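Sequence lines set the chain letters: A, B, ... in the order given, protein chains first and strands last, and positions in each chain run from 1. Nothing here was measured: the structure is a model prediction, and the numbers come from that model.
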There are 2 protein chains.
Amino acid sequence: MQTSERRQQLGEALIVAAERAIEARGLSGLKARNLAQEVGCAVGANLRTLASFEALIEASRSSTRAAEGSGDPEAAVSDLIRLAQVYLKFASERRFLWRALFEHRMSGGTSPPAWYMKEQVRLFRYIEEPLRALQPGLTHEERALLARSLFSAVHGIVSLGLDEKLMVLPLNVLQEQTDRVVRALGRGLLTIPADRQGAGKRECRGDG
Amino acid sequence: MQTSERRQQLGEALIVAAERAIEARGLSGLKARNLAQEVGCAVGANLRTLASFEALIEASRSSTRAAEGSGDPEAAVSDLIRLAQVYLKFASERRFLWRALFEHRMSGGTSPPAWYMKEQVRLFRYIEEPLRALQPGLTHEERALLARSLFSAVHGIVSLGLDEKLMVLPLNVLQEQTDRVVRALGRGLLTIPADRQGAGKRECRGDG
């Protein structure tokens with residue numbers, strides 16, 4: 001089923017209302033009349049959030065389109081940094097909507113449907129593109145897994161950076177830290193062979 | 001005030017009971033008779049959790065003590081990987097206690113006291129040590145900030161890796177990914193000068 005059909009099924013108007021409620025007051029701002037409707041609205045609102053995030057990524061691509069597909073590692077590193085900065089911008093500007101994507105214990109402990117999870121994972125393909133230049137030897141599955149890990153690392157920096165628990169960091173500081181860490185990550189990946197020795201348990205003893 | 005005095009003040013027995021309740025059922029397992037007591041117990045239990053995590057770090061150090069302070073970048077990278085693996089092990093084995101460290105919306109929205117936040121941040125010094133070898137030009141404040149960012153990146157990998165929302169990854173896969181990402185990060189940091197150009201907005205035009 002297409003995303004658009006799913007949205008129609010859920011009732012576009014209800015979803016837009018849910019999105020507004022989350023944006024204003026977080027997931028707890030949802031006040032649906034029944035559990036199934038609440039889950040449907042939350043999932044629908046999350047789909048809209050993912051779509052607007054994807055639009056931001058696409059918009060940021062145009063300025064660097066020349067570098068894409070060139071296989072140039074420095075261009076790939078810049079690409080990873082751009083994606084991370086778009087994520088940081090989105091999370092900081094639309095905080096409640098972004099948080100709702102990760103708050104999964106909806107009332108009653110209901111989980112979102114499997115196709116919604118796939119929709120989230122689909123966005124990782126933007127990270128896979130630059131990874132081709134940085135780790136050309138990876139299989140498709142290995143690249144997808146590494147893309148997820150890089151996303152998770154950036155998500156950690158963004159979410160703890162915007163978290164009151166550890167003290168919120170000013171946005172320009174977070175931008176600089178994100179830049180530094182992702183640049184290091186990208187460049188460092190070039191030094192790591194794609195084979196499975198990555199586990200790093202192998203000792204160099206010169207008896208090889 | 002010493003941590004030990006604080007614990008006495010909070011009532012050691014109550015805290016141990018709180019720790020057990022969290023370990024069994026998460027933060028929601030706490031059933032204190034009043035809000036102040038709940039906050040006190042949760043904070044006390046979190047302090048015990050941090051202390052047992054620190055003990056794990058210290059235990060893992062002994063095997064690599066020779067490498068410490070040598071200023072050797074590869075030893076520093078190994079040190080960062082070891083710390084990340086200890087964190088992953090702790091989070092996966094004591095999931096509820098570890099999650100409670102990051103669940104701050106206690107009932108009524110009460111925040112933990114400032115001295116508790118300091119106690120958390122204090123653990124970042126373990127990351128600062130290897131960073132000295134990888135980014136020797138940083139000031140103390142810059143190093144502390146970067147240590148927080150590296151922690152956040154690893155926390156992101158660990159927490160999304162153990163999260164049902166994105167599909168839980170098997171532990172050996174998470175170990176391998178953590179190894180790969182932290183190794184890349186450590187090696188990549190060596191290629192980035194410590195000055196403020198990190199923001200990466202500077203274009204190389206050869207007119208310099």
Can you tell whether the side chains of A:Arg132 and A:Glu128 come within less than 4.0 Å, N to carboxylate O? no
Sidechain N-carboxylate O distance under 4.0 Å for A:Glu129, A:Arg125: no
Among B:Asn172, B:Val158, B:Leu146, B:Leu145, which residue forms the greatest number of heavy-atom pairs with chain A at distances under 4.5 Å? B:Leu145
In terms of heavy-atom pairs under 4.5 Å with chain A, the winner among B:Ser152, B:Gly188, B:Gly156 is B:Ser152
How long is the gap from CZ on A:Phe90 to CG on A:Leu97, to the nearest 0.5 Å? 6.5 Å
With a 4.5 angstrom heavy-atom cut-off, could you sort out which part of [X] is near chain B: side chain, backbone, both or neither?
X        : value
A:Val173 : side chain
A:Ser159 : neither
A:Val181 : both

Look at A:Leu189, A:Leu169, A:Leu190 and state which one has the largest set of heavy-atom pairs under 4.5 Å with chain B. A:Leu169
Quick one, B:Leu80 and B:Leu185 - any side-chain contact, counting heavy atoms below 4.5 Å? no
Are any of the side-chain heavy atoms of B:Arg94 and B:Phe53 separated by less than 4.5 Å? no
